[in-house]
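Letters A, B, ... are given to chains in the order of the sequence lines, protein chains preceding strands, and every chain is numbered from 1.
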Amino acid sequence: MPELPEVESQARDVKRWVAGHIIKEVWVGWTKTIATPSAALFKKKLIGRRLKKVYRRGKFIIIDLDKGLSLVSHFRMTGHFRVAPVSQSASAARWYLYPPDRFTRVAFMLDHDLVLHFSDIRKFARLWLVATDRIRHMPALAKLGPEPLEPKFTPDKFVQCVRGYSGMIKPVLLNQACVAGIGNIYADESLFDAGVHPKTRLDKLDDAQLKVLGQMVKKNLTAAVKHGGSSVGDFVNAKGESGKHGMYLRVYGKKGEPCRRHRNGKPCAGTVKRIVVAQRGTHICPICQKVKR
DNA sequence: ACTAGCCCCTGGGAGC
DNA sequence: TGCTCCCAGGGGCTAG
C-alpha cells in the first residue's frame, strides 16, 4: 500500500512528466473517486487549467493549478497515478482507454498527447478539487503532524511528538496527526529495527528507546524513498515500474520466515509472526520484540 | 481523548 | 478446473 515513500515517488514522477502541461479533457469513470465538487463541476473547472506545482504532504499529493485551484489526491490502499502517451491507434473519443487499465477511475488528457490516469483497484482513493488557499483548511490536511524526512525532524522531535499520545505504540505511529506519512509497512519495519513490540504502551517506553525508534523511522523512510518505494500490493510508479525497496524489508510480509537479525554474529532463532494490533496485520519477531508490561 | 466497530470495495486465497 | 465464501486494509465516521 502506498505510504510516504511510494507517494513521494509518485509525486516526483508526476512533477517530472506532467508539470507545465494543460488539461484538455477529463474523463470520470467512477464518480465517488471525486470527493469534491460534483463530477460535472470537477470536469468543467479543470479543463483549460495548467498543472504548475506538484508536491507531497503526508500521503497526499497536491497539484497546484493556475487560477488558484489545487487538485488534492490520496491513494488510500490501491490508488496511483500513471502517465502515458495518447495511443495513436485508439479512437480519439476513447482516449482514456489507453493504455488498457480497467481500474482507471479518472483520466486527464493533457496537451502534447499525454494522458494522466488516476487508477485505483478498490475505489478507496479520492480526489479533491479545491481553492489553493483553502487547502490548509481541509480537515485531513490540517491535522497532519510533521514531515518525518525534514531535516528539522530530529529523533528528539519524534519523542516530543509521540509523547503527546498514550496507548500502544503502533497505532500512535500510524496516527497521521502524530507524524505524517507512516503506514503499516514502515511502522512494522521501524518497530522491528528498534526492537520494540508494537503493543508496548507508550508509558513503558523511555526516551532513549523512543529516540532509537525515531531514528529507525527516518532510516527506513529515507532508504525506501531512495529505492522508489516498496511495491507491496502491486505499487508502481507513474511509468508502471516497481519500487525496489521490497527486497530490503525484514519483517513486513515475511510471516513464517526466519528473523534476519544477528546477535554476536549468530542469526536470531526467531520466526516472523503475524499478529493483529489495532485491527491491522502486524509483523514481529517474538524474540527481538517483547512486550514490556 | 481514547477504543471498538463499521463502512467503503475488489482481488485473491482458502475450502470444497 | 471452477465455484463460493471470506477478508485485508487507510482513514472517516459513529457509539460507547
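When the P atom of C:dG10 is taken as reference, atom CG of A:L4 falls 14 Å away, rounded to whole Å. Per the geometry, CZ belonging to A:R280 stands 11 Å off P belonging to C:dA8, to the nearest Å. C:dG9 atom C1' lies 13 Å from atom CG of A:D120, rounded to whole Å. Look at CG on A:L174: it is 8 Å from P on C:dG11, rounded to the nearest Å. One can place CE of A:M77 at 11 Å from C1' of C:dC7, the figure rounded to the nearest angstrom. Following rounding to the nearest Å, A:E3 (CD) and C:dG10 (P) show an atom-to-atom distance of 7 Å. Rounding to whole angstrom units, CZ of residue A:R102 and P of B:dG11 are separated by 5 Å.
Contacts between residues 131-147 of chain A and DNA chain B, defined by a heavy-atom separation under 4.0 Å, are absent.
The residue A:N184 sits close only to the backbone: its heavy atoms come under 4.0 Å of sugar-phosphate atoms, none of a base.
Under the side-chain contact (heavy atoms from CB on, under 4.5 Å) criterion, A:V225 pairs with A:L4, A:P5, A:E8, A:R12, A:L149, sequence neighbours left out. With sequence neighbours excluded, the residues satisfying side-chain contact (heavy atoms from CB on, under 4.5 Å) with A:K45 are A:L41, A:L69, A:L129. A:R280 pairs by the salt bridge (Lys or Arg N to Asp or Glu O under 4.0 Å) definition with nothing, not counting sequence neighbours. Residues forming a salt bridge (Lys or Arg N to Asp or Glu O under 4.0 Å) with A:R57 (at least two apart in sequence, or on another chain): A:E147. By the side-chain hydrogen bond (donor to acceptor under 3.5 Å, both in side chains) test, A:K219 is found to be paired with A:D193, residues two or more places apart in sequence or in another chain being considered. Not counting sequence neighbours, the partners of A:E257 by the salt bridge (Lys or Arg N to Asp or Glu O under 4.0 Å) test are A:R260. For A:D207, the salt bridge (Lys or Arg N to Asp or Glu O under 4.0 Å) criterion is met by A:R163, not counting sequence neighbours. For A:I22, the side-chain contact (heavy atoms from CB on, under 4.5 Å) criterion is met by A:K24, A:R50, A:D111, not counting sequence neighbours.
Aromatic ring orientation, A:H112 versus A:H21: perpendicular (interplanar angle above 60°, classes split at 30° and 60°).
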- Each nucleotide of nucleotides 2-9 of chain B classed B (base within 4.0 Å of a protein heavy atom), S (only sugar-phosphate) or -, in 5' to 3' order, makes SS-B--BB
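Residues in residues 125-136 of chain A take part in these side-chain hydrogen bond (donor to acceptor under 3.5 Å, both in side chains) pairs, two or more places apart or across chains: A:S70-A:T132.
Between A:H74 and the phosphate of C:dG11, there is a side-chain N or O to OP1/OP2 separation shorter than 4.0 Å.
Neither side chain, A:T33 nor A:K123, offers a donor N or O lying under 3.5 Å from an acceptor on the other.
Helix bend of the helix from B:dC2-C:dG16 to B:dC16-C:dG2: the angle between its two end axes, each built from five pairs, comes to 50° after rounding to 10°.
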